[in-house]
Amino acid sequence: MPTKSHGLAILNTPDAELPELMRQAREIRDRHTGQHAQLCSIVNAKSGSCPEDCAYCAQSARHQTGVETYALLPPEKILAKALLAKKNGAHCFGIVTSGRGLAPRDLEQALEAVRLIAAEGIHAAASLGILDETALQKLKTAGLRRYHHNLETAESYFPRICTTHTYADRVRTARAAKKVGLELCCGGIVGLGETKAQRVELVMAIADLSPESVPLNFLNPVTGTRLENLPPLSINDICRTIALFRFFLPDKNIGVMGGREQLLKDRQDLVFAAGANGFMLGDYLTTAGNSVEADHALVAAAGLDRR
Ligand code: SF4
């Protein structure tokens with residue numbers, strides 16, 4: 001793995017040298033993951049009213065964001081979303097719920113949804129918060145392939161972002177998912193007010209967990225959250241960060257998720273130009289995504305195929 005000082009040098013790359021940095025990142029990607037884009041889709045299966053206090057999140061009950069709130073969707077509704085995602089060309093479909101974890105009754109309902117999705121031959125993923133090995137094992141037995149649980153930010157910055165659970169809680173869940181044999185999808189959010197050194201700290205911690213895929217989110221500040229007034233990252237800093245992740249995670253599926261449309265606007269081609277190999281297809285948890293046609297066109301323009 002590159003060193004911390006190499007990571008900082010990547011994040012401090014002068015504008016004039018950025019095209020060369022991105023070329024190197026693409027070269028690493030093509031060597032390790034081939035010229036394939038991995039696209040995933042999600043459903044916000046349980047929205048809002050979360051008791052946790054993550055500073056960036058529109059779904060925390062402590063934030064007045066006007067986000068829609070509802071209880072866990074019935075399994076048949078979740079399946080319908082999964083089938084649509086498959087039709088749209090998503091490689092993987094994730095059931096995402098707000099909250100610290102899942103109550104036993106909700107877990108039973110989620111297990112049924114996983115069974116239905118897996119029976120359709122869809123790569124089933126879930127992001128259900130902090131779970132123990134027993135719950136994760138039940139999900140695996142039901143047909144779940146991948147568990148998503150972000151580290152969110154660097155350990156040294158985490159207490160500034162969340163005080164209702166700990167960084168150690170997050171690492172424990174990520175490790176438990178791997179332990180029961182699930183693929184791990186684990187990334188974070190950049191632009192939360194962390195330093196560049198903390199961005200490097202985050203990517204090194206993710207590399208240490210060796211996840212299958214890495215969702216890289218960029219803060220798109222939501223009105224009503226604690227971070228509503230943070231300035232978003234510049235386009236060049238987004239490119240430096242994508243390249244940073246590729247240098248430290250050469251063989252992983254790196255997807256640029258939240259913030260792509262809002263921050264990159266008409267330069268979303270930079271996702272692939274800077275070394276990532278995937279993104280979210282369709283809508284996010286609380287914000288709308290591109291049209292499927294526009295996203296497919298981005299993949300094709302990058303010379304990648306979809307898988
Ligand atoms: S636990 Fe999840 S849903 Fe709840 S506030 Fe944090 S990020 Fe948002």
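Please read these numbers as outputs of a predicted model, since none were measured by experiment. Residues take their numbers from the sequence shown, with the count starting at 1. Ligands are counted one by one from 1 in listed order, and the atoms in each one are counted from 1 as well.
Taking a cutoff of 4.0 Å between a charged side-chain nitrogen and a carboxylate oxygen, Arg175 and Asp208 qualify as a salt bridge. Residues Arg260 and Asp295 are paired through a salt bridge, judged by an N-O separation under 4.0 Å between the basic side chain and the carboxylate.
Annotation for Gln64: atom CD does not count as buried by contact number, only 12 or fewer foreign heavy atoms lying within 6.0 Å. Within 6.0 Å of CZ on Arg105 lie no more than 12 heavy atoms contributed by other residues, nucleotides or ligands.
What sits closest to atom 8 (Fe) of ligand 1 on the protein, heavy atoms only, is Cys57 SG, 2.3 Å. The shortest contact between atom 7 (S) of ligand 1 and any protein heavy atom is with Tyr56 OH, 3.4 Å. Taking atom 4 (Fe) of ligand 1 as the reference point, the nearest protein heavy-atom neighbour is Cys50 SG, 2.2 Å. The nearest heavy-atom contact from the protein to atom 2 (Fe) of ligand 1 is Gly99 O, 4.4 Å.
Each of the following atoms of ligand 1 lies closer than 4.0 Å to a heavy atom of Ser98: 3 (S). Residue contact check: Ser60 has heavy atoms under 4.0 Å from atoms 5 (S) of ligand 1.
With hydrogens and angles left out, the side-chain atoms of Thr241 and Arg199 include no donor and acceptor closer than 3.5 Å.
For the pair Gln109 and Leu72, the tightest heavy-atom approach, listed with the atom from each and the gap, is NE2-O, 3.2 Å.
With 2.8 Å as the limit, Cys54 does not count as an N, O or S neighbour of atom 4 (Fe) of ligand 1.
Closest to atom 1 (S) of ligand 1 by heavy atom, among Lys46, Glu152, His63, Glu52, is Glu52.
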